[in-house]
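In what follows, a structure is listed as structure tokens, so that the remarks can point back to it.
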Protein chains: 2
Amino acid sequence: MDWSIQDIARIAGTTSRTLRHYDDIGLLKPSRTGHNGYRYYNQAALVQLQRILLLRGLGLGLPVISQVLDDEADATKALAGHLEWLKQEQDRLARQIASVTQTIEAVKGGGEIMAEDMFDGFDHTQYKDEVEERWGKDAYAKGDSWWRGMSADEKSAWKQRSRQLGADWITAATSGIAPDSAEAQAMAKRHVEWLTGIPGTPASDVAGEVNDGGKARLKAYVTGLGEMYVADARFAANYGGQDGAAFVRDALAFYAEQNL
Amino acid sequence: MDWSIQDIARIAGTTSRTLRHYDDIGLLKPSRTGHNGYRYYNQAALVQLQRILLLRGLGLGLPVISQVLDDEADATKALAGHLEWLKQEQDRLARQIASVTQTIEAVKGGGEIMAEDMFDGFDHTQYKDEVEERWGKDAYAKGDSWWRGMSADEKSAWKQRSRQLGADWITAATSGIAPDSAEAQAMAKRHVEWLTGIPGTPASDVAGEVNDGGKARLKAYVTGLGEMYVADARFAANYGGQDGAAFVRDALAFYAEQNL
DNA sequence: TCTTGACCTTGACGCTACGTCAACATTTAG
DNA sequence: CTAAATGTTGACGTAGCGTCAAGGTCAAGA
């Protein structure tokens, strides 16, 4: 007792094209082939097909499924590995949802997706409210006047330096080194020094102080900034996306913990 | 001031291949092209690139990004739509994780991914423990002896009937009709009648009774079974996967509510 | 000046899991 | 006997680039 290709397709809830595909890649061969080339499937093939569709429904890829069917012993292993991947995907999705949500808010408020001066320390036009709220009422005014006081060449040089810093971070993040490695910590040091060059932020304020209260504020500023890089997709974009930004955040956090 | 293709690739944290691709599909043209065909990008192009990478990092597709950049006014709309999609994906992932987890347990206990007699009412060999636990100590024994008592032809006919039912459910689920539609409810009726034909289950026990307690048990059995079809990927596979199984569950639930 | 090496160009294939024609042969129903 | 259903193989399309391949360009050192 066997069925034609359409028959099992209907029984199993799939299409004949899929069955031909599985035949092509050797995942499921028909149990019998007619003299005319027609594919026929028997009970055993149907069970195999059900298994395939079951595993596929769980999100496994066809090569993995093939391997699991060959050796059902490591089915548990394959499934466990897949489960890990699924959980990572879930985390990634959660972060993306948070990012999109926040970006919607930012775009609603700011108007543009990314301002031209984004990343140059912080945005001096789009981030007025946010800067005032997070770092104090006069922080924005200070930073703004400092920026406006620069000549075109100075601005250009500053931007160049900022971009270079970002590019180097990206290089570091994608090179596979750890956030607490010497190279990454050197980058963190450079980043903090760079921050210190921007008036109107806790970083620059602290530069002239020696008391501990100032150092505590700097530490909070640096770590907080790292979080913001990850949370705000517009900043994250400057570090090669969320993954790169996460690397920067981790490196900064470790640096702050050790040195500030 | 402009940069070569490698320069911005490094600054923005992407690759030159990606930039060529964006040029090919018209998403981001170089601001200038040398007599030798070299691509050069300026500040404005860099900002555009950052926007693109930002949106890409949020999970948007390139065509959508292109559209958003053309008209930033509906960026909010596009992002909101994308957010919906992301949430659906999150739900799907959550269901998959639950399914995989449960399948791992089942495989650990049962040994095989899907038994040959799966779907023939319930599995008479792999589901001993589960059947006993869920439907009573003697349910398994009853069902098993009933099954063993059948001749080969009878078994074959029964399997055929079971498969036909599953195939028809799949057809109904994929045809776009509602679970509470007349056609789906007719299927639900047929399903319950089919269940009644399996000894050792609450469904068959009730067939001979007239009291209300029996009807309540049948109702609980039918709705519970529907949930199990969705929760257990091995059953779900018989109804075309989780989506199909969900359709069956909904149809059964509605039928039980109205008629039992 | 010649060479070396780094960087640039335009194709074009590969990847996932099939959907979707196309062109043609065969089986089945009326 | 014909029309409709169903079967076959072959090949392109999909998303977003990675990855050769084969060959021009450019800056710097011997």
Side-chain angles (χ1 to χ4, degrees), chain A residues 2-41 49 52-69 82 85-86 89 96 167 171 174 240-241 243, chain B residues 2-41 49 52-69 82 85 89 92 96 167 171 174 240-241 243:
Chain A
D2 49 11
W3 302 274
S4 76
I5 196 169
Q6 286 280 26
D7 289 339
I8 26 166
R10 265 192 293 264
I11 292 175
T14 183
T15 70
S16 60
R17 178 64 179 88
T18 297
L19 288 162
R20 276 196 291 272
H21 183 57
Y22 290 169
D23 188 5
D24 286 346
I25 65 175
L27 180 55
L28 181 68
K29 295 284 184 189
S31 54
R32 181 170 72 82
T33 306
H35 65 288
N36 46 16
Y38 282 26
R39 296 171 176 81
Y40 294 99
Y41 299 80
L49 177 56
I52 291 170
L53 296 178
L54 159 61
L55 293 172
R56 193 193 59 172
L58 297 179
L60 278 77
L62 299 190
V64 178
I65 292 178
S66 172
Q67 176 195 331
V68 168
L69 292 185
H82 183 57
W85 149 263
L86 283 176
E89 278 295 292
Q96 263 196 1
T171 302
T174 55
D243 291 349
Chain B
D2 49 10
W3 302 275
S4 75
I5 196 169
Q6 287 279 25
D7 289 339
I8 27 164
R10 265 192 294 265
I11 292 176
T14 183
T15 70
S16 59
R17 178 65 180 89
T18 298
L19 288 162
R20 276 196 291 273
H21 184 58
Y22 290 169
D23 188 5
D24 286 346
I25 65 175
L27 180 55
L28 181 68
K29 295 285 184 187
S31 53
R32 181 170 72 83
T33 307
H35 65 289
N36 45 17
Y38 283 26
R39 294 172 177 81
Y40 295 99
Y41 299 80
L49 177 57
I52 291 170
L53 295 178
L54 159 60
L55 293 172
R56 194 193 60 172
L58 297 179
L60 279 78
L62 299 190
V64 178
I65 292 178
S66 172
Q67 176 194 331
V68 167
L69 293 184
H82 183 56
W85 150 263
E89 278 296 292
R92 201 177 55 77
Q96 263 196 2
T171 302
T174 54
D243 291 349

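Quick note on labels: first sequence line is chain A, next is B, and so on, each numbered from 1.
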Between the protein and nucleotides 11-17 of chain C, are there any N/O to N/O pairs under 3.5 Å, and if so, what are the atom names and distances?
residue	atom	partner	partner atom	Å
dA17(C)	OP1	L62(A)	N	3.3

Between protein and nucleic acid, restricted to nucleotides 28-30 of chain C and to nitrogen or oxygen atoms under 3.5 Å apart, what atom pairs and distances do you find?
none

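Not counting sequence neighbours, the partners of R92(B) by the salt bridge (charged side-chain N to carboxylate O under 4.0 Å, His left out) test are E89(B). Applying the salt bridge (charged side-chain N to carboxylate O under 4.0 Å, His left out) criterion to R32(A), with sequence neighbours excluded, gives D2(A). For D7(B), the side-chain hydrogen bond (donor to acceptor under 3.5 Å, both in side chains) test picks out S4(B), with sequence neighbours left out. Remark: T174(B) engages no residue in a side-chain hydrogen bond (donor to acceptor under 3.5 Å, both in side chains) (not counting sequence neighbours). Residues forming a salt bridge (charged side-chain N to carboxylate O under 4.0 Å, His left out) with R56(A) (at least two apart in sequence, or on another chain): none. In terms of the side-chain hydrogen bond (donor to acceptor under 3.5 Å, both in side chains) criterion, S66(A) has no residue partners (sequence neighbours excluded). R20(A) pairs by the salt bridge (charged side-chain N to carboxylate O under 4.0 Å, His left out) definition with nothing, not counting sequence neighbours.
Residues Y41(B) and P30(B) meet the side-chain proximity criterion, which asks for heavy atoms closer than 4.5 Å. In this structure, L19(A) and L49(A) have side chains that are in contact, with non-hydrogen atoms separated by less than 4.5 Å.
Between the side chain of S31(A) and the main chain of Y40(A), a donor-acceptor pair closer than 3.5 Å is present.
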Practice task
Sugar-phosphate means primed atoms, P, OP1 and OP2; the rest is base. With that split, encode nucleotides 5-10 of chain C 5' to 3' as B, S or - using protein heavy atoms under 4.0 Å.
Solution key: --BSBB

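For the OP1/OP2 pair of dG19(C) and a distance below 4.0 Å, the side-chain nitrogens and oxygens of T15(A) include at least one atom meeting the criterion.
Terminal axes of the helix from dT1(C)-dA30(D) to dG30(C)-dC1(D) (five pairs each, C1' rotation axis) are separated by 30°, to the nearest 10°.
Once you apply a 4.0 Å limit to the heavy atoms of chain B, the touched nucleotides of DNA chain D run 5' to 3' over dG16(D) to dC26(D).
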